[in-house]
Amino acid sequence: MGAWERRLADNLAGVSNQIAEAARGSGRSPSDVTLVAVTKYVDSDVTASLVRAGCHHLGESRPQVLWQKADALRDLPIEWHMIGHLQRNKIRRTLPLVACIHSADSDRLLGSLDDEARRAARTIRVLLEVNISGDAEKTGLRPDQLPPLVERIAQWDSIALCGLMAMSGRWSDPAQSQREFAQLRQLRDRLQTCCPAGTSLRELSMGMSHDFPLAVKEGATMVRVGSALFEGVDV
Ligand SMILES: *Cc1c(COP(=O)(O)O)cnc(C)c1O
């Protein structure tokens with residue numbers, strides 16, 4: 001194992017420990033939180049090394065890059081997560097490769113995802129992306145757009161809605177991030193009451209390199225961590 005591979009494995013162990021500590025610290029089980037390693041900064045070789053080090057949930061924010069890596073690494077045990085904006089004309093090619101889409105942000109996208117999933121005779125796990133910070137530059141649905149959408153979710157019967165995703169405001173301080181994570185959890189709790197029977201908004205995808213322990217403290221079930229995993233890995 002080369003020096004960078006050792007560093008990568010150490011970083012992974014460090015992040016995993018921080019997740020476990022934050023989970024236990026808030027009375028949860030470490031196994032309630034999935035690390036989704038965001039591999040957008042690195043090539044397929046580094047990505048493969050991360051998988052060999054024991055990380056099996058990977059996220060990419062650009063469909064084309066996800067397609068390339070999924071193909072290059074098709075023999076490895078990976079569950080891919082689409083975490084960035086997905087254009088409707090990229091759905092057909094993306095859907096067969098991914099386990100979960102974190103970034104559904106419109107009726108139209110949900111409709112197209114549903115159509116494609118039905119064509120492929122499967123259901124697709126989907127999270128709704130919420131603009132929780134209210135930042136005009138951020139993507140995602142406004143909180144007030146969610147209740148009417150969730151009430152209609154049963155119409156898209158090849159979609160398994162399983163929770164919410166958000167990014168904390170990029171410049172926000174830790175206290176502000178934590179408030180936003182708490183807001184996402186509370187929004188989820190309220191939405192759960194207007195969900196059709198059989199839909200459980202269990203997943204909260206929130207927290208990135210600079211704030212994932214806080215996100216876990218506030219109930220994250222998936223953290224999307226990129227740069228912290230690749231620190232000191234010279235690529
Ligand atoms: C890049 C990215 C991340 C990871 O960010 P880091 O700060 O590098 O951990 C998480 N979520 C989304 C949607 C991203 O695009």
Side-chain angles (χ1 to χ4, degrees), residues 4 7-8 10-19 22 33-44 46-47 49-51 53 55-70 78-87 90 94 97-106 109 113 125-135 137-141 162-174 176-178 180-181 184 203-235:
W4 69 262
R7 179 67 196 260
L8 185 60
D10 285 350
N11 288 350
L12 175 60
V15 168
S16 302
N17 283 338
Q18 281 181 273
I19 292 172
V33 186
T34 300
L35 168 62
V36 178
V38 179
T39 52
K40 66 188 178 191
Y41 309 104
V42 297
D43 64 16
S44 293
V46 177
T47 304
S49 177
L50 193 61
V51 178
C55 188
H56 301 289
H57 289 267
L58 305 184
E60 280 288 339
S61 54
R62 293 176 51 209
Q64 291 96 325
V65 179
L66 191 149
W67 302 343
Q68 282 164 14
K69 283 191 181 151
I78 299 171
E79 286 198 25
W80 285 103
H81 296 247
M82 180 68 215
I83 62 170
H85 183 63
L86 182 59
Q87 289 142 298
K90 306 264 173 16
T94 305
L97 306 173
V98 298
C100 180
I101 292 175
H102 292 227
S103 42
D105 59 0
S106 72
L109 182 63
L113 282 169
R125 284 162 59 80
V126 169
L127 310 180
L128 298 175
E129 181 177 348
V130 187
N131 181 351
I132 200 75
S133 62
D135 183 338
E137 288 179 10
K138 279 261 160 65
T139 51
L141 294 151
C162 44
L164 305 179
M165 179 271 226
M167 308 227 253
S168 57
R170 195 201 303 227
W171 311 113
S172 49
D173 60 294
Q176 180 61 22
S177 292
Q178 189 165 355
E180 289 172 11
F181 295 143
L184 192 72
E203 310 290 353
L204 287 175
S205 169
M206 57 190 194
M208 315 196 330
S209 289
H210 65 288
D211 54 17
F212 68 88
L214 283 176
V216 171
K217 198 168 165 198
E218 293 299 338
T221 61
M222 296 173 163
V223 292
R224 307 178 312 272
V225 178
S227 33
L229 292 168
F230 305 110
E231 255 166 49
V233 177
D234 204 11
V235 287

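In listed order, ligands and their atoms are each counted from 1. Because the structure is a prediction, the values reported are computed rather than measured.
For A215 against M206, the heavy-atom pair with the smallest separation is CB-O, 3.2 Å. Minimum interatomic distance between S209 and G226 (heavy atoms only, all atoms of both residues): OG-N, 3.5 Å. The nearest pair of heavy atoms linking R125 to A99 is CB-O, 3.5 Å.
Heavy-atom distances between F212 and ligand 1 stay at or above 4.0 Å for every pair.
Geometrically, ligand 1 and G226 share a nitrogen or oxygen pair separated by less than 3.5 Å. For the pair H210 and ligand 1, the shortest N or O to N or O distance does not fall below 3.5 Å.
The single protein non-hydrogen atom nearest to atom 1 (C) of ligand 1 is K40 NZ, 1.5 Å, given as residue, atom name and distance. The protein heavy-atom contact nearest to atom 10 (C) of ligand 1 is M208 SD, 3.3 Å. If you check which protein heavy atom lies closest to atom 8 (O) of ligand 1, you get Y41 OH, 2.4 Å.
Atom NZ of K217 has 12 or fewer heavy atoms from other residues, nucleotides or ligands within 6.0 Å.
The aromatic rings of H102 and H81 sit perpendicular to each other, their planes meeting at more than 60°, with 30° as the lower class boundary.
L229 is not listed as a side-chain neighbour of Y41, based on a closest heavy-atom distance of 4.5 Å or more. No side-chain heavy atom of V38 sits under 4.5 Å from any side-chain heavy atom of M208.
Distance check, rounded to the nearest 0.5 Å: OG of S106 to NE2 of H85 gives 8.0 Å.
Listed by atom number, the atoms of ligand 1 under 4.0 Å from R224 heavy atoms are 4 (C), 9 (O), 10 (C), 11 (N), 12 (C), 13 (C). Close contacts of ligand 1 with S209, meaning ligand atoms under 4.0 Å from a residue heavy atom, involve 6 (P), 7 (O), 8 (O), 9 (O). The V225 neighbourhood of ligand 1 comprises atoms 9 (O), with distances under 4.0 Å to a heavy atom of that residue. For ligand 1 and M167, the ligand atoms under 4.0 Å from any heavy atom of the residue are 12 (C), 13 (C). Close approach of ligand 1 to S227 is summarised as follows: ligand atoms under 4.0 Å from at least one heavy atom of the residue are 6 (P), 7 (O), 8 (O), 9 (O).
With atom 13 (C) of ligand 1 as the reference point, the heavy atom nearest to it among V36, I83, V38 is part of I83.
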